[in-house]
2 protein chains.
Amino acid sequence: MKKIVFIFSSLTVALLVLFQLSMYFYTTGELSIEIMMAIIALVFLGIGIYLNKKSLHKLPTTLTKVNLKKVDELGISKREYEVLIEVSKGLSNKEIAEKLFVTESTIKTHVSNVLVKLDSKRRTQAIQKAKELQILSS
Amino acid sequence: MKKIVFIFSSLTVALLVLFQLSMYFYTTGELSIEIMMAIIALVFLGIGIYLNKKSLHKLPTTLTKVNLKKVDELGISKREYEVLIEVSKGLSNKEIAEKLFVTESTIKTHVSNVLVKLDSKRRTQAIQKAKELQILSS
DNA sequence: AGCCATTTAGTACTTTAGTATGAATATCAA
DNA sequence: TTGATATTCATACTAAAGTACTAAATGGCT
């Protein structure tokens, strides 16, 4: 939101400056009206390209950025989410258990809970869904 | 290349039309010079955004493109690759079997072969590795 | 202190996944 | 036609994953 305000403020200022410059040169007879228009056209063409580049470059970053709010909305706890991440890395329950210093039985409980919360029947399906929901990166 | 010629031709035409219109309204006194400039600014802002959207929308498709050469290098057959894709979607062996009109036992064979070729012990690990090797998208 | 969600862990069980092996077709190039 | 490879399927097995409970300990919140 703040960025949008900033961008539009800058645009307005740029427009005003161009107007003033145009008027000055026009009244002094140093510049024809066609050239003024051409300058304005070019400047705003550039602004359009710049703005779009900014907005489109956000898409890849937002796609890889995880949505932690959704994790909460789905009722997935901190520990469950931790386990989900390890699952997505391709680790087995046993490996995850060793990595997180708990028993395999605990991991099974967590995974089972995550499956319910992600409405999945298998861990592979859960990974897929989690990535669709942008809970997991890439 | 043809597109670029077309785009620049269109741009030139648009510029000329705007100039003529501006001049007409200016001489008839129906439009102030500020409004003319504003219109030109907006039109070219839009053109800039449009042009950029066109050129940047090509990038994501190339980024998500899978490396089919690597599939071959790893010795993964066409059918095995097909199965791998379904595995990555989160389907069970049974579901894949039904989808590809073969028995579950066949899918097990394919999956087992893929696991060896991707040096993995589990299907989740295979999915992870396949994505690292850009064999599977995103 | 009492409540609630989280984390942990267990048992017993069913289901799915994966391995090993053998074997019958099919396909395709030499 | 004859190999080589791919695809299919089966059996028998082991391993891993997942379900359905129960339950204790923890920590934050009011």
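In what follows, chains carry the letters A, B, and so on, assigned in the order in which the sequence lines appear, proteins first and then strands, with residues in each chain numbered from 1.
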Just verifying a value: how many Å separate [X] [atom1] and [Y] [atom2], rounded to the nearest 0.5 Å?
| X | Y | atom1 | atom2 | result |
| --- | --- | --- | --- | --- |
| A:K131 | A:S137 | NZ | OG | 7.0 Å |
| B:K117 | B:K129 | NZ | NZ | 15.5 Å |
| B:S112 | B:N93 | OG | CG | 9.5 Å |
| B:L118 | B:Q128 | CG | CD | 11.5 Å |
| A:S120 | A:I127 | OG | CD1 | 9.5 Å |

Legend entry - hydrophobic_cluster_shared for B:L74 and B:L136, side chain cutoff 4.5 Å: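 Looking at the clustering, B:L74 is in the same group as B:L136.
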Inset, instruction - Treating Ile, Leu, Val, Met, Phe, Trp and Tyr as nodes and any side-chain heavy-atom pair under 4.5 angstrom as an edge, say whether A:L100 and A:V114 lie in one connected cluster. - result: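 Per the 4.5 Å side-chain linkage, A:L100 and A:V114 are not co-clustered.
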pair [X]-[Y]: side-chain heavy atoms closer than 4.5 Å:
| X | Y | answer |
| --- | --- | --- |
| B:E98 | B:E104 | no |
| B:L133 | B:N67 | no |
| B:L68 | B:Y81 | yes |

Give me the residues of [range] where at least one heavy atom lies under 4.0 Å from an atom of DNA chain C, by number, or none.
| range | result |
| --- | --- |
| residues 82-95 of chain A | none |
| residues 96-116 of chain A | A:V102, A:T103, A:S105, A:T106, A:T109, A:H110 |
| residues 118-126 of chain A | A:R122 |

Inset, instruction - Would you give a per-nucleotide map of nucleotides 25-30 of chain C, 5' to 3', where B means the base has a protein non-hydrogen atom under 4.0 Å away, S means only the sugar-phosphate does, and - means neither? - result: ------
Return all side-chain donor-acceptor pairs below 3.5 angstrom for residues 82-91 of chain A, not counting sequence neighbours, or 'none' if the list is empty.
residue, atom, partner, partner atom, Å
A:E82, OE1, A:R79, NH1, 3.1
A:E82, OE2, A:R79, NH1, 3.4
A:E86, OE1, A:K99, NZ, 3.0
A:S88, OG, A:I85, O, 2.7

Inset, instruction - Round to the nearest Å and state the distance from A:R79 atom CZ to D:dG27 atom C1'. - result: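 From A:R79 CZ to D:dG27 C1': 15 Å.
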Inset, instruction - Provide, to the nearest angstrom, the distance between the OH atom belonging to B:Y81 and the P atom belonging to D:dT7. - result: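 Those two atoms, OH and P, are 14 Å apart.
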Inset, instruction - Please name the pair of heavy atoms, one in B:K121 and one in B:L115, separated by the smallest distance, quoted to 0.1 Å. - result: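 So the two residues come closest at O-CD1, 4.1 Å.
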Inset, instruction - For B:E80 and B:S77, indicate whether the former's side chain and the latter's backbone hold a donor-acceptor pair under 3.5 Å. - result: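 Answer holds: yes.
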Legend entry - Between the first and last five pairs of the helix from C:dA1-D:dT30 to C:dA30-D:dT1, the angle of the axes, rounded to 10 degrees: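 What I find for the helix from C:dA1-D:dT30 to C:dA30-D:dT1 is an axis angle of 50°.
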Legend entry - Any donor-acceptor N or O pair under 3.5 Å, side chains B:T103, B:T106: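 Indeed, the side chains of B:T103 and B:T106 share at least one donor-acceptor pair under 3.5 Å.
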Inset, instruction - Could you tell me whether B:R122 and A:E95 make a salt bridge, using a distance below 4.0 angstrom between a side-chain N and a carboxylate O? - result: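 Yes, B:R122 and A:E95 are salt-bridged.
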